[in-house]
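Letters A, B, ... are given to chains in the order of the sequence lines, protein chains preceding strands, and every chain is numbered from 1.
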2 protein chains.
Amino acid sequence: MQSSQAGGPKKRISESTIHRLSLYYRALSLLEKENYETVSSKELAKREKLTPAQVRKDLSFFGSFGTRGLGYPVTELKKRIATILGIDRVWRVALIGVGNIGSALVSYKEFAKQGFHIVKLFDNDQRKIGSNHKGMIVSDIANLEQELTEARIEVVVVAVPATVAQYIVDDVVRAGVKAILNFAPINLRVPEDVYLRNENMAMELEYLSFAMVNNHTPKRVK
Amino acid sequence: MQSSQAGGPKKRISESTIHRLSLYYRALSLLEKENYETVSSKELAKREKLTPAQVRKDLSFFGSFGTRGLGYPVTELKKRIATILGIDRVWRVALIGVGNIGSALVSYKEFAKQGFHIVKLFDNDQRKIGSNHKGMIVSDIANLEQELTEARIEVVVVAVPATVAQYIVDDVVRAGVKAILNFAPINLRVPEDVYLRNENMAMELEYLSFAMVNNHTPKRVK
DNA sequence: ACTAACATGTGAAATACTTCACAAGAAGTA
DNA sequence: TACTTCTTGTGAAGTATTTCACATGTTAGT
Ligand SMILES: NC(=O)c1ccc[n+]([C@@H]2O[C@H](COP(=O)([O-])OP(=O)(O)OC[C@H]3O[C@@H](n4cnc5c(N)ncnc54)[C@H](O)[C@@H]3O)[C@@H](O)[C@H]2O)c1
Ligand SMILES: NC(=O)c1ccc[n+]([C@@H]2O[C@H](COP(=O)([O-])OP(=O)(O)OC[C@H]3O[C@@H](n4cnc5c(N)ncnc54)[C@H](O)[C@@H]3O)[C@@H](O)[C@H]2O)c1
């Protein structure tokens, strides 16, 4: 019995909760492989270094999926979370910038497994345009807006140098794309209705550095 | 006048604050290039989509670096943050797994600019061992523990398949390394005194997907 | 020297998020 | 059926984080 309504849950869901859903999803995928039929919030928590209460609270925002005394049905819960996260469908993704990181992403099979299908590649380098990457031909960035629209792209991954990222994103926005994952270390401006996430590796390294220098006590739950 | 003591600040600093320091650092680097001498919390906030109060509060945990009526001295503050984050020095980094993502990271110059010098590469693929990547010879993972110690490695980046990541990390921990950045989509077990951060790209994509499906209202500060 | 405009640094208030703690349901046993 | 054990789902309590709001200090203009 799902207590959330069609069109999304009633109350604002925190970003942390959404991120943890990703963790639960991953854990459930593993549990499924290990032939677990059910799993308790305790076990799920242990596997992702969280507290059982946190797990139950997170899930409770979206409905009640478990059985008292027994736990959650693994396969069923995994499906539910996939639906909540919107990864029970295919998202058409375009990757812009087929360089070092871009090429790595194209070869990454996990994305497709989660429904993110890279179906278009763009670059401005004449040597790369027209070349074949994993069965895809690299398109010229010159026709970006039109090609994004024609290919019905829903998600764009930006893997170009920071200096040109904003111009490209402006085009992407003009093409009506509402979701962007950005790898360039720069804060991009997008309209209110466009979702933008940044993948900032320096940030994580700097956290490690800070922690070592300051003997930081991380919040180790459980 | 720094109100924090040697050995780290008095009160626990939140992870979010540390992450925002990374943002401030990046913004200040840009401001420096644009020849700004000082910057207000307002301007800094605008550039990183935060609130001025947040900026001031974050900085105030570490001291008072600004001048009323004027703002913060750009170059000076940048240096201070570098010291706080521990990136005013060189960190000796080893990269394990010279595959798609690993190769991309080796070529990434930004890391070195922030003090993270990749000085060792490891793999278990005979075709890769001994080969040259950006002037470095790929070492055999077989001697991992010993070589990490000999090379005085302080940070390890894990870019191997998820299936082998735990074994490798166990070795890394045995070698006395206290900081690990992991790209494998798996929850690694490390002792309490080892700092571990995960780079989880699926999580960000899944957030985008969730947001689109649920019309999520992100916390857009300011 | 006075005034107006700015902008920091910080307690206190407001929000947001996490954890507690327990009523209540389910399953197994006898 | 009665009893024990397990575990969910959730208000309420407890923490943590963010934002407010203002006293205090600085600069610049006249
Ligand atoms: N390499 C990494 O490990 C890494 C890690 C984190 C972030 N990043 C960021 O990701 C981005 C790409 O990094 P990279 O190492 O892959 O660089 P890269 O130079 O290897 O790749 C950039 C690609 O973008 C293309 N490009 C440049 N200008 C373009 C334009 N105007 N239109 C279309 N394509 C254009 C280039 O031809 C190239 O193929 C950078 O912003 C970098 O800071 C890289
Ligand atoms: N490619 C991506 O864009 C991407 C994105 C996010 C996360 N990841 C994760 O990063 C990791 C690496 O991904 P990839 O795409 O680079 O894979 P890859 O197969 O290209 O590279 C893996 C490398 O690890 C080496 N390796 C395998 N077993 C090893 C062992 N026991 N000891 C030492 N080296 C070993 C392989 O020889 C190879 O060079 C994976 O866990 C993947 O899930 C990759």
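Taking atom CD of residue B/Glu15 and atom P of nucleotide D/dT18, one finds them 11 Å apart after rounding to whole Å. Distance, B/Asp58 CG to C/dT10 C1': 13 Å, rounded to whole Å. Straight-line distance from the NZ atom of A/Lys49 to the P atom of C/dT18: 17 Å, rounded to whole Å. Rounded to whole Å, the distance from CZ on B/Arg20 to C1' on D/dT18 is 8 Å. Nucleotide C/dG9 holds its P atom 14 Å from the CZ atom of B/Phe62, rounded to whole Å. Between B/Arg12 atom CZ and D/dA16 atom P the separation is 8 Å, expressed in whole Å.
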N/O donor-acceptor pairs under 3.5 Å from side chains in residues 158-165 of chain A, not counting sequence neighbours:
none

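B/Tyr207 pairs by the ring-ring contact (aromatic ring centres under 6.0 Å, His included) definition with B/His216, not counting sequence neighbours. Under the ring-ring contact (aromatic ring centres under 6.0 Å, His included) criterion, A/Tyr108 pairs with A/Phe111, sequence neighbours left out. For A/Lys79, there are no side chain to side chain donor-acceptor pair (under 3.5 Å) partners, not counting sequence neighbours. Partners of B/Glu145 according to the side-chain contact (heavy atoms from CB on, under 4.5 Å) rule, which considers only residues two or more places apart in sequence or in another chain, are B/Asp171, B/Arg174, B/Ala175.
In this structure, A/Gln54 does not reach the C/dC17 phosphate: none of its side-chain N or O atoms is under 4.0 Å from OP1 or OP2.
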Q.
Protein within reach of the bases, or only the backbone? For nucleotides 6-14 of chain D, mark each nucleotide 5' to 3' as B, S or -, using heavy atoms under 4.0 Å.
A. BBBBBBB--
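Distance CD1/B/Ile81 to CD1/B/Ile87: 9.0 Å, rounded to 0.5 Å.
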